[in-house]
Amino acid sequence: MQTNEETNYDQLWKDVLSEIEMTTSKTSFSMWFKDTGISNFNDGVVYIGVPNNFVKDWLLNKYHKFIIGALRNNNPAIRGVDYIIVSKDHQDIITKNTAPHKFTYTPSSGEQLGFNEFNTDKEANLNPRYTFDSYVVAPFNEIAHAAAISVAKNPGNLYNPLFIYGGVGLGKTHLLQSIGNEMKKNNPSAKVYYLTSEKFANEYVSSIQNKTTNSFKEKYRKYNLLIVDDIQFFSDKLKIQEEFFHVFNSLYESGNQIVFSSDKSPQHIVGLEERLRSRFEGGMMIDVSPPEYEERLAILKVKVSQKNFTLDEDVINYIAEVIKENIRELEGALNSIIGQSKIRGRILTLSEVEEILRKKIKPIKVVDAEHVIKTILNYYKINEKNLTERTRRKEIVKPRQIAMYILRNDLNTSYPHIGRRFGQKDHTTVIHAYKKISEDIRRDKKLEQEINNIRDIIYK
Ligand code: ADP
Ligand code: MG
């Protein structure tokens, strides 16, 4: 009989594989991941069973980043990954740290993990898990959701391109994939394709190496719906941007729909060509913000019932209260709790849940305006008096504008409030400073770096 723990490994690996599958080519995916599975999970380290050294090295060199990323998306408690060779008869383990663990898991044959069914739609590269049905709508995402629905119903018409941006784990990929799945459902012959901008870049580079750029170009011009996730990866890759620009134009001009996501708005993507930026901004841009407490609560309730699980009201309230970052973290917390509960064979108490989540909760450093200002004064070696001084000297004006910018951008301090702190300066002066720095960052990478250094000190 399988223990709950093993079943959890199964599910975890399945989730990871379906994430990885979306970012790799079909061939590499089945070549490298076919006979893999989680052998053990111990003290935050996941041991992945692989069939031989060759696969082990390959995964380590080429996929390690993806694997650990995908694992952590599903369970943020995971700290590390190791690869061990599990022989075909699943018995002896030939590994560098030979057998300190008892391996209860057998590597997946195709069927065991349902290897062929992750993507019912391999051609479109869509994961059937991501649908509008499974997407919880709340005020923080309802505009993005509504736009996504319109696009799925009426592609190439209203909002083209659709550009959704916001922080990690807020449901961008889920939404983008839902558009694809919905469009395929309504119109099975529609040519839909989802990929990450990173994959686009990789494909383009290999098409150059293999001298197949023509078929590459052709391929991308035939879609009715092209979904490009995480477009921020195009940052500074000018050749790729150029290639993509042509793809975009040809799709757009023939009335096909293009959908993007990014972790920041086009104007904040450094090293993005102006013409591409203006194409992005020419359609519909929508941002998704992090969910508020009530919204996190609603999401948790839906997720708990989707997973056929029950949790006490006070436990759900507690999770929603302490896991603030994003939905991915919420799911991760929930998965850990459900996992633990299955292992112990009972519903957990609130204090047990607190114990589990304590490790996940990042201590949030409370940063106030005075701390920001003090850091900036130190950084530029100027003093408090300079803040209010009437001067146009650059070595004073610049730090002052940066301080105003960070107070506004990071702490959301009101313009009039900032003005008062800087010696009764009019709020339009503050707005001017904010706009100026925002624009300068776009052009000036050194300045951006400088401000990020300051942020590192502020939030350290
Ligand atoms: P992003 O692409 O913005 O980083 P994802 O789309 O990968 O975020 O979402 C992270 C996880 O949270 C996924 O498992 C996704 O299914 C889930 N999720 C995000 N938003 C929602 C939502 N509104 N309703 C249900 N699940 C969601
Ligand atoms: Mg994403």
Side-chain angles (χ1 to χ4, degrees), residues 11-24 65-66 69-76 78 118-119 125-149 152 162-182 194-200 227-234 259-265 269 285-307 309 316 319-320 323-336 338 360:
Q11 189 54 48
L12 176 60
W13 193 235
K14 235 176 168 171
D15 290 346
V16 167
L17 288 184
S18 57
E19 266 190 49
I20 293 174
E21 188 182 18
M22 294 190 301
T23 58
T24 50
K65 203 181 76 188
F66 281 128
L71 278 165
R72 287 185 47 87
N73 283 345
N74 285 281
N75 182 350
I78 291 168
F118 290 125
N119 267 337
N125 199 25
L126 292 171
N127 182 335
R129 185 168 88 80
Y130 293 128
T131 60
F132 287 127
D133 284 342
S134 60
Y135 191 80
V136 183
V137 184
F140 76 99
N141 62 14
E142 67 180 335
I143 300 180
H145 173 258
I149 297 248
L162 173 63
F163 191 104
I164 294 179
Y165 65 96
V168 291
L170 295 179
K172 300 183 298 296
T173 297
H174 190 140
L175 210 48
L176 262 56
Q177 288 251 331
S178 303
I179 298 175
N181 278 319
E182 180 72 17
Y194 165 95
L195 86 173
T196 59
S197 64
E198 190 164 8
K199 191 170 167 190
F200 182 88
I227 305 171
V228 189
D229 206 352
D230 289 321
I231 201 87
Q232 73 274 1
F233 183 80
F234 277 171
V259 177
F260 301 105
S261 87
S262 164
D263 68 354
K264 34 180 117 50
S265 74
I269 302 176
M285 287 201 296
I286 300 174
D287 69 325
V288 194
S289 51
E292 304 281 339
Y293 172 76
E294 283 76 17
E295 299 172 316
R296 299 197 292 274
L297 209 56
I299 290 168
L300 276 171
K301 286 185 178 160
V302 173
K303 297 261 166 196
V304 170
S305 78
Q306 275 172 357
K307 290 173 199 283
F309 201 74
I316 297 191
I319 307 172
I323 308 287
K324 301 191 170 95
E325 292 245 281
N326 59 47
I327 299 155
R328 178 170 292 156
E329 304 273 334
L330 275 182
E331 267 200 321
L334 195 58
N335 286 339
S336 309
I338 294 178
K360 289 184 188 286

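This chain uses plain numbering: 1 for the first residue, then up along the sequence. Both ligands and their constituent atoms are indexed starting at 1 by order of listing.
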*Does any N, O or S atom in T173 come within less than 2.8 Å of the Mg ion (ligand 2)?*
yes
*Enumerate the atoms of ligand 1 whose separation from the nearest heavy atom of K303 is less than 4.0 angstrom.*
17 (C), 25 (C), 26 (N), 27 (C)
*Taking only heavy atoms of S134, which atoms of ligand 1 are found under 4.0 Å from at least one of them?*
24 (N), 25 (C)
*Given side chains that start at C-beta, do those of F163 and V259 come closer than 4.5 Å, heavy atoms only?*
no
*Specify the protein heavy atom at minimum distance from atom 17 (C) of ligand 1: its residue, its atom name, and the distance to 0.1 Å.*
I327 CG2, 3.7 Å
*From atom 3 (O) of ligand 1, work out which of E295, E331, K172 has a heavy atom at the shortest distance.*
K172
*Give the residue, atom name and distance (to 0.1 Å) of the protein heavy atom nearest atom 7 (O) of ligand 1.*
R328 NH2, 2.6 Å
_Starting from atom 8 (O) of ligand 1, what is the nearest protein heavy atom, named by residue and atom, and what distance separates them?_
G171 N, 3.0 Å
*Identify which of L330, V136, L175 has a heavy atom lying nearest to atom 24 (N) of ligand 1.*
V136
*State, with a plain yes or no, whether a side-chain heavy atom of E292 is found less than 4.5 Å away from one of P139.*
no
_Gap between atom CD1 of I179 and atom CD1 of I227 - 0.5 Å precision_ = 6.0 Å
*Going by the atom numbers of ligand 1, which of them fall below 4.0 Å from some non-hydrogen atom of R129?*
14 (O)
*By number and element, which atoms of ligand 1 are closer than 4.0 Å to a non-hydrogen atom of N141?*
23 (N)
_Students should be able to answer this: which protein heavy-atom is nearest to atom 4 (O) of ligand 1, and at what distance?_
G169 N, 2.7 Å
*Smallest separation among heavy atoms of V304 and L334, with atom names*: CG2-CD1, 3.7 Å
*Of the non-hydrogen atoms in I286 and A147, which two are nearest, and what is the gap between them?*
CD1-CB, 3.3 Å
*asked:* Suppose we measure from atom 15 (C) of ligand 1 to each protein heavy atom; which comes out shortest, and what is that distance?
replied: H174 ND1, 3.4 Å
_side-chain hydrogen bond (donor to acceptor under 3.5 Å, both in side chains) partner of Y194, the single match among D229, N181, N125_ = D229
*For ligand 1, is any non-hydrogen atom under 4.0 Å from S261's backbone (N, CA, C, O), its side chain (CB onward), both, or neither?*
neither
*Heavy atoms, side chains only, cut-off 4.5 Å: are Y165 and K264 in contact?*
no
*Minimum heavy-atom separation for S261 to D230, with atom names?*
OG-N, 2.9 Å
*Number the atoms of ligand 1 from 1 as they appear, then name those within less than 4.0 Å of a heavy atom of L170, with their elements.*
1 (P), 3 (O), 8 (O), 20 (N)
*Taking the side chain as C-beta and beyond, is there a heavy-atom pair between F234 and I269 under 4.5 Å?*
no
*Please could you name the atoms of ligand 1 that V168 approaches to less than 4.0 Å, counting only its heavy atoms?*
4 (O)
*Test side-chain contact (heavy atoms from CB on, under 4.5 Å) on F200 and F233 and set out the steps.*
CA-CA 10 Å; F200 182 88; F233 183 80; over 6 Å; no
*If you measure from each non-hydrogen atom of I299 to ligand 1, which part falls under 4.0 Å: side chain, backbone, both or neither?*
neither
